[in-house]
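Every heavy atom of this structure was used, including side-chain atoms; hydrogens, water molecules and symmetry mates were not. Since this is a predicted model, take the numbers as computed values, not measurements.
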Protein chains: 2
Amino acid sequence: MRTFTHGTLSDCGLVPMARKKTKTPTIKDVAAAAGVSTSTVGRVLGGYGYASPETRRRVMKAAKQLGYRPNAIARSLKTKQSRIIGFFLSSITNLFHARIAEGLQEVASSYGYNVVICCTGLNANRASAFGQMLLESQAAGVVFSVPGDEAVIRVAQSLLDNDIPVVTCHGSIRIPSQDRIVCDDFQGGYLAAKHLVELGHQRIGIIGVKDSGTSARRIQGAASFLKEHGIVPSRVSIVEVVSYSTESGYTGVKLLSARDEKPSAIIAANDLMALGVLECLEEMELRVPEDVSVIGFDDSFAEMTRPRLTTVALPMYEAGQVAAQLLLERIEGKDVGEERFITLPERLVVRESTTVYR
Amino acid sequence: MRTFTHGTLSDCGLVPMARKKTKTPTIKDVAAAAGVSTSTVGRVLGGYGYASPETRRRVMKAAKQLGYRPNAIARSLKTKQSRIIGFFLSSITNLFHARIAEGLQEVASSYGYNVVICCTGLNANRASAFGQMLLESQAAGVVFSVPGDEAVIRVAQSLLDNDIPVVTCHGSIRIPSQDRIVCDDFQGGYLAAKHLVELGHQRIGIIGVKDSGTSARRIQGAASFLKEHGIVPSRVSIVEVVSYSTESGYTGVKLLSARDEKPSAIIAANDLMALGVLECLEEMELRVPEDVSVIGFDDSFAEMTRPRLTTVALPMYEAGQVAAQLLLERIEGKDVGEERFITLPERLVVRESTTVYR
DNA sequence: TTGAAAGCGCTAACAC
DNA sequence: GTGTTAGCGCTTTCAA
């Protein structure tokens, strides 16, 4: 699949290697070709200011003919702002981050902005190096989707000091008085409990994670629904484990079975834990969902478990889109007032791990 | 968590809103402060050319004192090249792409380059829009990790026409005479077969995917090992299904069971299919791995299945790193000669779905 | 409605 | 070793 190019003198080896690559045309070349000034070309191509229809036509034609392409760098030098949006995340292999990135990118690029990924891992140095780079390349804005440690906050602050707007999108980070997007953990928990109760379950086990705000809110949401709908409190067991892991899910079930009331349905604080729950239940020769219903959170790999996991899905893609939207409004200097705090609703995805009681 | 800033006159509301934000210092300011010329500053800060130790010291000090930060945009305008590397991929939520992206980003940023993600989805327009943007922002290089349709090839070509180096990294795309990185599918297949034979299996079932080069190479690799090690050909069954899906894996097992020789081990062309295999086997009341061993490819979610899947892992992270390396060499104009073709070895990950025969 | 011209901040050729 | 200077390609006054 060879591409043929026009034959030139250099093809016959008689002229130096010079690779005469015709210089990319600039606004100046277009101006010359159209017989107008560069400022006129700028006006019509940039779409601002006035130009007579005739001139406009001529410029357009010349530009097309020359294959003119604006130089974003030159423009940025003048406007003191590139069309780069930085995205801080710990790892792009984390499905949540990937979904956010995709939503972000989609909206950003529809506005002509590029998304630069800044995977910080657990490394604080890395974060500040990215901050540096973003500053040097005159980034237009930055979204943070990382744990909010001190180093990161400092980075955000230095960005803000340079008038680069910043938003946070999911993740424990909180930057004082900046736009923030989160998922409605409480409502997600509420949804999970609602689903189970509607299926007729009355004895509910909940496995939460210690010291996790997200887990706490999910539990609160579930508990709130349960209370509102007359579920006898003594029939609701809440246990707490140390981490969001399969092992913890497993442990959680053990803890639950030590209680007086054996649950007919279990809410795990995320899918990974729900997987551990499934595993433990199988060992105990309890069938899911016939004997026990199980529900997780996140919708991260719920399609892959057997039975397929009923779960509460998080709107990460939308979160990314909203993050872009809010950021872009700030970037373009719209008067949107104070900091904004957006809470996105979660959504129940019913699969195979839950069914009617008895 | 409020950050206190130095009190200024404007704090007391007596001066206009003006936000006197002290203009970011430029090379000029540093020059003035150090009592030298801008070119000297450029030389010491840029690290090229000569400068006496004394001058160097003075410049450094002035730069630090002023909080000088080079303006990447201005530099790019001059050098006609930004430090942006474009990464074309269909979706970042695809784990492979995410891993490549991470490897790519890691190396790229260690060299001071930024990675811009270009998620094309299945949309050809999108690809050319990204190409446009990359051209306009004077990208330094681009890596492609997408299906190689015509539109994308055109984009790559236009990049090349503008002297922007391009490499492909995993994915069916092939750009004539450019560096290319792939995983060694053949060797992966070989590895899978070797593992099973070493466990004592003699009757092997292989489920491949029609019209897939990757699948074909994996099968060839497996077949090759089998032949070399005296496995009776009639005891090896190869069936082909239509897609890389759970359903296809399921179908594959059905196809295999219709054959005379019932396999004691099954190789599925990827993990998704292996999941279907697991499912079908369970329905047939065959235990894995006691009755049948199962092996997949990709290591995409093999930790999540029950039993956990033995699989052949693809070195995507490394692929991303290598892609960055090759690209950077081209970008920095190293004389690395002709197009390079790198084949990365795959790796067997033994989990629970395979065991010794009988 | 259009044009001339002054930079944006940096690099690099050239002169000293 | 160091300084002068001319741009890179664009935007944006200001005048015409």
Side-chain angles (χ1 to χ4, degrees), chain A residues 21-60 62-63 66-83 112 135-140 162-163 333, chain B residues 21-60 62-63 66-83 112 135-140 162-163 333:
Chain A
K21 234 210 35 160
T22 44
K23 188 174 114 354
T24 354
T26 74
I27 203 173
K28 228 168 169 173
D29 302 314
V30 176
V36 297
S37 73
T38 60
S39 37
T40 301
V41 175
R43 277 191 287 262
V44 358
L45 261 27
Y48 51 81
Y50 301 100
S52 75
E54 166 58 9
T55 314
R56 184 174 300 276
R57 215 186 43 69
R58 284 231 307 287
V59 171
M60 292 302 230
L66 293 174
Y68 170 75
R69 214 190 313 278
N71 180 326
I73 301 292
R75 164 200 295 245
S76 292
L77 180 59
K78 194 64 198 175
T79 61
K80 296 176 182 315
Q81 175 176 120
S82 72
R83 292 177 88 82
L135 244 19
E136 292 182 6
S137 28
Q138 323 291 115
N162 287 271
D163 284 332
Chain B
K21 234 210 30 157
T22 43
K23 187 175 118 348
T24 355
T26 74
I27 203 173
K28 230 170 167 169
D29 302 314
V30 177
V36 298
S37 74
T38 60
S39 42
T40 300
V41 175
R43 277 192 285 261
V44 356
L45 263 27
Y48 50 83
Y50 303 99
S52 75
E54 165 57 10
T55 315
R56 185 174 300 277
R57 215 188 43 69
R58 283 231 310 287
V59 171
M60 292 302 230
L66 293 174
Y68 170 75
R69 216 191 311 276
N71 181 327
I73 300 293
R75 163 200 295 247
S76 293
L77 180 60
K78 191 67 195 173
T79 62
K80 296 176 182 314
Q81 174 178 118
S82 72
R83 292 178 86 84
L135 244 18
E136 293 181 7
S137 29
Q138 323 292 115
N162 287 270
D163 285 330

Rounded to the nearest angstrom, tell me the gap between atom [atom1] in [X] and atom [atom2] in [N].
| X | N | atom1 | atom2 | answer |
| --- | --- | --- | --- | --- |
| Gln138(B) | dC10(D) | CD | C1' | 12 Å |
| Arg58(B) | dT2(D) | CZ | C1' | 11 Å |
| Glu136(B) | dC10(D) | CD | C1' | 13 Å |
| Glu54(A) | dT1(C) | CD | C1' | 13 Å |
| Leu77(A) | dA6(C) | CG | C1' | 13 Å |
| Lys28(A) | dA4(C) | NZ | P | 12 Å |
| Asn162(B) | dG9(D) | CG | C1' | 15 Å |

Check: Ser39(B) side chain, dT11(C) base, donor-acceptor under 3.5 Å: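 Such a pair does not exist between side chain and base.
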Base dG9(D) to side chain Lys78(A), donor-acceptor N/O within 3.5 Å cut-off: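 Such a pair does not exist between side chain and base.
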Over 12 foreign heavy atoms within 6.0 Å of CZ, Arg83(A):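 Check passes, neighbour count above 12.
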Arg58(A), CZ: over 12 other non-hydrogen atoms inside 6.0 angstrom: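 Above 12, so yes.
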Looking at [X], does any N or O in its side chain come under 4.0 Å of the phosphate oxygens OP1/OP2 on [N]?
| X | N | result |
| --- | --- | --- |
| Tyr68(A) | dC10(D) | yes |
| Ser37(B) | dG3(D) | yes |
| Ser52(A) | dT1(C) | no |
| Thr79(A) | dC10(D) | no |
| Lys80(A) | dT11(D) | no |
| Thr26(B) | dG9(C) | no |

Distance-minimising heavy-atom pair for Ile27(A) and Tyr68(A):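 Closest approach of Ile27(A) to Tyr68(A): N-CE1, 3.4 Å.
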Non-hydrogen atoms of Val30(A) and Ala63(A) that approach each other most closely: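 For Val30(A) and Ala63(A), the tightest heavy-atom pair comes out as CG1-N, 3.9 Å.
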Ile73(A): side chain to side chain contact (heavy atoms under 4.5 Å, CB included) partners, not counting sequence neighbours: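 Residues passing side chain to side chain contact (heavy atoms under 4.5 Å, CB included) with Ile73(A): Asn71(A), Ile73(B), Ser76(B), Leu77(B), Ser82(B), Gln138(B).
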Pair Val44(A)-Met60(A), side chain to side chain contact (heavy atoms under 4.5 Å, CB included): steps then yes or no: CA-CA 8 Å; Val44(A) 358; Met60(A) 292 302 230; 4.1 Å; yes
Minimum-distance nucleotide to Asn71(B) side chain [options: dT4(D), dG9(C), dG9(D)]: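 Selected nucleotide (nearest to the side chain): dG9(C).
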Side chain of Ile27(A) (C-beta onward), nearest among dC10(C), dT2(C), dC10(D):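 Closest nucleotide to the Ile27(A) side chain: dC10(D).
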Touch class at under 4.0 angstrom, heavy-atom based, for Thr38(B) against every strand present: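 Base contact.
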Derivation and outcome, side chain to side chain contact (heavy atoms under 4.5 Å, CB included), residues Asn162(A) and Arg69(B): CA-CA 12 Å; Asn162(A) 287 271; Arg69(B) 216 191 311 276; 4.1 Å; yes
Provide a list of protein-nucleic acid N or O atom pairs under 3.5 angstrom, restricted to nucleotides 14-16 of chain C.
none

